[in-house]
Number of protein chains: 2
Amino acid sequence: MSTAVTTLGYALLGLIRAEPRSGYALRMVFETTPMGSYSSSPGSIYPALKSLERQGLIMSEAMGARRKILTITPAGEQVFDVWLRMLVTVEELSRSTGDALLRFAFLHDYPERQVTLDFLTSFESAAMAQVSGLKRFLAGDGADMPLQARLAVLHSFKTIEASAHWASEARKALIKGEML
Amino acid sequence: MSTAVTTLGYALLGLIRAEPRSGYALRMVFETTPMGSYSSSPGSIYPALKSLERQGLIMSEAMGARRKILTITPAGEQVFDVWLRMLVTVEELSRSTGDALLRFAFLHDYPERQVTLDFLTSFESAAMAQVSGLKRFLAGDGADMPLQARLAVLHSFKTIEASAHWASEARKALIKGEML
DNA sequence: CCAACCATGTAAGCTGTTACATGATTGA
DNA sequence: TCAATCATGTAACAGCTTACATGGTTGG
């Protein structure tokens with residue numbers, strides 16, 4: 001059992017899906033692009049790839065003595081697809097934005113445009129719900145906190161607000177881009 | 001050896017320093033305030049407290065049969081103080097903002113106001129350095145990326161920009177608050 | 001007296017980190 | 001040929017999560 005794929009696992013799966021690669025090539029992606037910011041160290045990548053292979057989500061084909069090219073399997077495609085289409089919830093966003101942003105980055109070459117727009121809508125409303133929660137806290141329980149503690153909460157407030165705004169703008173940009 | 005204190009450890013140390021408490025009381029803080037968002041589960045708190053005690057940074061005093069009140073030791077004060085006065089670097093901020101924000105929240109009842117202002121200055125310049133890096137990436141290597149991948153990077157850009165702006169505003173608010 | 005909550009802890013398992021180890025291939 | 005880089009892996013360890021276990025205290 002255990003279709004337990006980590007965030008790193010999905011990142012690897014998505015990259016392999018887009019283009020079959022070696023483990024080393026995958027590491028280089030993490031090292032040279034501001035993608036999430038995953039480990040890029042062999043000690044995290046290779047075990048994660050082995051786990052994906054154990055679960056039958058990728059296949060490896062030896063190329064020469066050492067090099068191995070990794071390819072996604074139909075099962076892998078399906079698991080990835082389910083993950084990719086997940087809408088953003090408040091719970092997910094309050095844990096961290098990393099997963100959601102990763103999905104967004106991978107949505108680009110995949111399904112119908114509407115899926116991406118729905119994703120962004122869910123992202124925006126989840127972010128706005130969090131913002132409201134923080135606003136309520138600052139007005140309620142947090143009202144008697146010292147200035148500096150309030151300012152610390154305000155940082156979350158401001159960054160999540162920027163997130164929500166980004167989702168709205170990204171949505172507009174995609175609609176406009178689609179029309180052109 | 002090993003003055004290895006985790007972020008959770010510093011959070012606990014800071015709370016205990018502000019007011020001696022039981023482990024349960026500490027868990028309640030994490031559960032009822034939007035502080036960072038640490039585990040709050042017994043499986044993380046109690047082992048972390050035990051580790052702090054092993055390192056001689058806190059002391060526990062039994063109150064009745066089960067309840068234990070935790071107090072910070074002079075060694076703990078010193079370790080906490082060193083951590084609290086650390087300035088924000090680009091490396092720290094690019095790993096995550098959590099640590100830095102935690103320090104900011106704890107700076108409130110502690111040293112001279114100037115330390116806090118210096119902290120915010122370092123925070124702002126680290127954030128702005130990151131923003132410049134992303135801007136460079138978007139103009140350079142990232143210029144030929146598909147729209148959606150660019151938008152994903154733009155999310156980092158916008159949120160970190162909001163962070164930098166927050167630091168600037170927080171600094172102003174503290175100076176103004178000090179003058180009043 | 002019994003349920004709810006206070007209060008502390010342990011055990012198994014998973015991820016990821018750092019550091020180490022190895023060897024092939026390529027370009028100057 | 002020799003250094004750099006390609007390329008894959010393992011081992012030890014730290015930290016957190018979930019789940020389990022236990023018992024004290026208090027209010028209805």
Side-chain angles (χ1 to χ4, degrees), chain A residues 1-13 15-16 20-32 35-55 58-70 91-92 94-96 98-99 102, chain B residues 1-13 15-16 20-32 35-55 58-70 91-92 94-96 98-99 102:
Chain A
M1 284 301 96
S2 74
T3 313
V5 182
T6 63
T7 305
L8 174 60
Y10 282 117
L12 293 168
L13 208 48
L15 288 170
I16 292 167
R21 276 174 248 231
S22 68
Y24 186 79
L26 292 163
R27 282 177 60 201
M28 291 306 107
V29 172
F30 293 138
E31 253 178 27
T32 58
M35 229 198 110
S37 252
Y38 301 102
S39 39
S40 89
S41 69
S44 58
I45 304 278
Y46 292 110
L49 290 172
K50 194 177 268 186
S51 160
L52 289 174
E53 199 174 359
R54 255 203 318 272
Q55 292 175 70
I58 61 172
M59 281 174 21
S60 67
E61 190 189 357
M63 294 283 285
R66 287 181 80 69
R67 198 173 157 77
K68 275 190 197 172
I69 298 296
L70 304 162
E91 297 75 46
E92 182 188 19
S94 57
R95 272 197 306 276
S96 102
D99 254 59
L102 187 64
Chain B
M1 282 297 99
S2 74
T3 313
V5 181
T6 62
T7 305
L8 175 60
Y10 283 116
L12 294 168
L13 208 48
L15 288 170
I16 293 167
R21 276 174 248 232
S22 68
Y24 186 79
L26 292 163
R27 283 178 59 200
M28 291 307 107
V29 171
F30 294 138
E31 254 179 25
T32 58
M35 229 198 110
S37 252
Y38 303 99
S39 39
S40 90
S41 71
S44 56
I45 303 280
Y46 292 110
L49 289 172
K50 193 178 269 185
S51 159
L52 290 174
E53 199 174 358
R54 256 202 318 271
Q55 293 175 71
I58 60 171
M59 282 174 19
S60 67
E61 191 189 355
M63 296 281 285
R66 287 181 80 69
R67 199 173 158 77
K68 275 190 198 174
I69 297 296
L70 304 162
E91 297 75 45
E92 183 188 19
S94 59
R95 274 198 305 276
S96 100
D99 254 59
L102 187 63

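Reminder, nothing fancy here: chain letters follow the sequence lines and each chain counts from 1.
Summarising the geometry of R67(B) relative to I69(B), their closest heavy-atom pair is NH2-CD1, 4.0 Å, with the distance given to 0.1 Å.
For the side chain to side chain donor-acceptor pair (under 3.5 Å) test, residues two or more places apart in sequence or in another chain that qualify with S51(A) are Q55(A). Evaluation of the side chain to side chain donor-acceptor pair (under 3.5 Å) rule for E61(A) yields no partner, not counting sequence neighbours. Contacts of S96(B) classified as side chain to side chain donor-acceptor pair (under 3.5 Å), with partners at least two apart in sequence or in another chain: none.
What separates CZ of R67(A) from P of dT25(C) is a distance of 12 Å, to the nearest Å. The nearest whole Å value for the distance from the CZ atom in R95(B) to the P atom in dT17(C) is 12 Å. Whole-Å rounding puts the F30(B) CZ to dA7(C) P distance at 16 Å. In this structure, I58(B) places its CD1 atom 14 Å from C1' of dT8(C), rounding to the nearest Å. Per the geometry, NZ belonging to K50(A) stands 15 Å off P belonging to dC14(C), to the nearest Å. The interatomic distance linking L12(A) (CG) with dT15(C) (C1') rounds to 13 Å, in whole Å. Regarding M63(A), its CE atom lies at a distance of 14 Å from the C1' atom of dT25(C), rounded to whole Å.
In this structure, the side chain of R27(B) does not engage the main chain of I45(B) through any donor-acceptor pair within 3.5 Å.
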What verdict does the side-chain contact (heavy atoms from CB on, under 4.5 Å) test give for R21(A) and V29(A), after you've listed the backbone C-alpha separation in whole Å, the side-chain angles of each residue and the deciding distance to 0.1 Å? CA-CA 11 Å; R21(A) 276 174 248 231; V29(A) 172; 3.7 Å; yes
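Residues from residues 41-48 of chain A with heavy atoms under 4.0 angstrom of DNA chain C, sorted by number: S41(A), G43(A), S44(A).
One end of the helix from dC1(C)-dG28(D) to dA28(C)-dT1(D) points its axis 20° away from the other end's axis, with each axis taken from 5 pairs and the angle rounded to 10°.
On the nucleic acid side, DNA chain D contacts chain A at distances under 4.0 Å to non-hydrogen atoms, with the end points of that region at dC6(D) to dT10(D).
Residue whose closest nucleotide on DNA chain D sits further toward the 5' end, between G9(B) and R66(A): R66(A).
Just one residue in the list L12(A), L52(A), L15(A), I58(A) forms a side chain to side chain contact (heavy atoms under 4.5 Å, CB included) with L70(A), and that residue is I58(A).
To the nearest 0.5 angstrom, L13(A) atom CG is 10.0 Å from T6(A) atom OG1. For the atom pair E53(A) CD and M59(A) CE, the distance stands at 8.5 Å (nearest 0.5 Å). Between atom OH of residue Y24(B) and atom CD of residue E31(B) there is a gap of 7.5 Å, rounded to the nearest 0.5 Å.
Between Y24(B) and dT8(C) there is no side-chain N or O to OP1 or OP2 distance below 4.0 Å.
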